[in-house]
Amino acid sequence: MERMFGRPIVTQEQMRARIRELGRQISTDYAGKELVLVGVLKGAYAFYADLARAIRIPVRVDFIVVTSYGARAKTSGKVKLVTELTEEIKGKDVLLVEDIVDSGLTVQHLMKSLAKKKPRSIKICTLLSKPERRVVDVQVEYVGFKIPNQYVVGYGLDYQQKYRNLPYLAVLDQMDDQEE
Ligand code: 5GP
């Protein structure tokens with residue numbers, strides 16, 4: 001049997017079913033539009049790949065790399081854009097694909113930065129949301145799962161760059177640098 005890590009809070013089956021629903025909804029909402037899916041790396045890589053394949057309309061794919069937490073599991077509130085888009089988004093409909101919206105600072109910053117490129121619209125699709133932790137008011141159009149205030153890993157999400165490859169989402173109970 002597969003060795004389990006952490007306490008699973010969303011299983012692979014739940015994830016698959018929810019992503020299928022999101023894909024269906026996005027396909028309907030963006031039918032006939034010029035959709036550009038902008039993935040926020042590294043965290044969104046697994047969700048992005050599954051979501052893109054659940055969308056049944058033609059899309060353009062693009063990515064940005066941001067760093068916000070550094071090696072620690074705490075938000076600094078600072079977001080650094082490490083790479084830029086390669087696709088032209090002017091006049092197009094952008095869907096920002098995130099792993100998790102926590103304080104909301106990352107997506108707020110990214111929305112502002114992408115808005116300067118004059119897309120027709122920008123909306124957010126996140127696999128996870130921790131509404132209790134929000135410090136800024138951002139509108140998140142598509143949410144996979146709302147979760148309580150717990151640190152989660154797996155399915156793209158890391159702890160000190162590890163555990164991104166877990167095929168399910170788990171709660172990390174023990175963190176050795178909590179005081180840092
Ligand atoms: P925000 O700017 O909304 O506070 O934070 C968003 C970013 O924080 C996410 O993209 C993710 O990198 C990180 N983050 C927030 N909560 C968690 C969590 O529970 N687990 C992991 N691995 N990363 C998180």
Side-chain angles (χ1 to χ4, degrees), residues 3-12 14-15 18-19 22 26 36-52 61-85 94-116 122-180:
R3 201 170 78 86
M4 299 293 275
F5 171 85
R7 218 159 14 93
I9 55 161
V10 181
T11 65
Q12 291 183 68
Q14 287 170 323
M15 201 95 77
R18 182 68 186 120
I19 292 172
L22 286 173
I26 292 167
V36 186
L37 284 184
V38 175
V40 184
L41 298 177
K42 300 177 193 172
Y45 85 90
F47 175 49
Y48 186 103
D50 288 345
L51 180 71
V61 303
D62 209 347
F63 302 92
I64 43 181
V65 180
V66 300
T67 52
S68 55
Y69 276 38
R72 285 182 239 150
K74 265 190 271 179
T75 186
S76 59
K78 294 202 181 79
V79 184
K80 197 169 147 225
L81 221 78
V82 184
T83 64
E84 266 294 336
L85 290 176
V94 171
L95 189 60
L96 199 58
V97 181
E98 258 285 20
D99 53 355
I100 184 162
V101 179
D102 187 26
S103 67
L105 289 165
T106 304
V107 283
Q108 188 188 51
H109 176 88
L110 293 176
M111 295 280 276
K112 272 192 198 147
S113 155
L114 293 177
K116 291 184 191 145
I122 318 180
K123 286 184 178 158
I124 301 166
C125 176
T126 186
L127 175 64
L128 305 166
S129 172
K130 290 183 189 168
E132 286 168 44
R133 297 256 307 164
R134 211 69 96 243
V135 300
V136 286
D137 189 23
V138 283
Q139 197 191 332
V140 185
E141 197 75 15
Y142 305 96
V143 177
F145 300 91
K146 284 186 185 156
I147 60 166
N149 182 15
Q150 288 169 315
Y151 197 80
V152 293
V153 295
Y155 202 71
L157 290 102
D158 75 313
Y159 173 61
Q160 297 191 342
Q161 296 305 325
K162 287 185 291 192
Y163 313 118
R164 292 194 196 274
N165 60 321
L166 280 182
Y168 51 89
L169 260 188
V171 174
L172 197 63
D173 288 322
Q174 296 243 309
M175 286 196 282
D176 30 18
D177 74 339
Q178 259 169 349
E179 297 311 311
E180 270 184 67

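Note that ligands are numbered from 1 as they come in the structure, with each ligand's atoms numbered from 1 the same way. Reckoned from all heavy atoms, side chains included, excluding hydrogens, waters and symmetry mates. This is a predicted model, so every value here is computed, not measured.
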If the cut-off is 4.0 Å to any non-hydrogen atom of [X], which atoms of ligand 1 fall inside it?
{"X": "Q150", "answer": "19 (O)"}
{"X": "S103", "answer": "1 (P), 2 (O), 3 (O), 4 (O)"}
{"X": "T106", "answer": "1 (P), 2 (O), 5 (O), 6 (C)"}

Practice problem: Using the test ring-ring contact (aromatic ring centres under 6.0 Å, His included), find all partners of Y142 that sit at least two apart in sequence or belong to another chain. | Solution: none

Quiz item: So among N165, D50, D99, which one has a side-chain hydrogen bond (donor to acceptor under 3.5 Å, both in side chains) with Y155?
Solution: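 Answer after filtering N165, D50, D99: D50.
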
Quiz prompt | Atom pair CG (L37) and CZ (F63), whose distance is rounded to the nearest 0.5 Å | solution = 8.5 Å

Quiz prompt | Heavy-atom closest contact (R134 atom, V101 atom, distance) | solution =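 Heavy atoms of R134 and V101 come nearest at NH1-O, 3.2 Å.
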
Self-check item: Distance-minimising heavy-atom pair for Y168 and V10
Solution: CB-O, 3.6 Å

Quiz item: Does D99 approach ligand 1 within less than 4.0 angstrom via side chain, backbone, both or neither, non-hydrogen atoms only?
Solution: side chain

Exercise. Indicate, as side chain, backbone, both or neither, the part of R133 found under 4.0 angstrom from ligand 1 when only non-hydrogen atoms are considered.
Key: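 Neither part.
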
Sub-4.0 Å heavy-atom contact, [X] with ligand 1:
{"X": "Y159", "result": "no"}
{"X": "Q108", "result": "no"}
{"X": "G104", "result": "yes"}

Quiz item: Do E141 and I124 touch side chain to side chain, with heavy atoms closer than 4.5 Å?
Solution: no

Quiz item: Any sub-3.5 Å donor-acceptor pair from R18's side-chain atoms to V143's backbone N or O?
Solution: yes

Below 3.5 angstrom, do we get any N/O pair linking [X] and ligand 1?
{"X": "V153", "result": "no"}
{"X": "L157", "result": "no"}
{"X": "D102", "result": "yes"}

Quiz item: Taking everything shown except N149 itself, do over 12 heavy atoms lie less than 6.0 Å from its CG?
Solution: yes

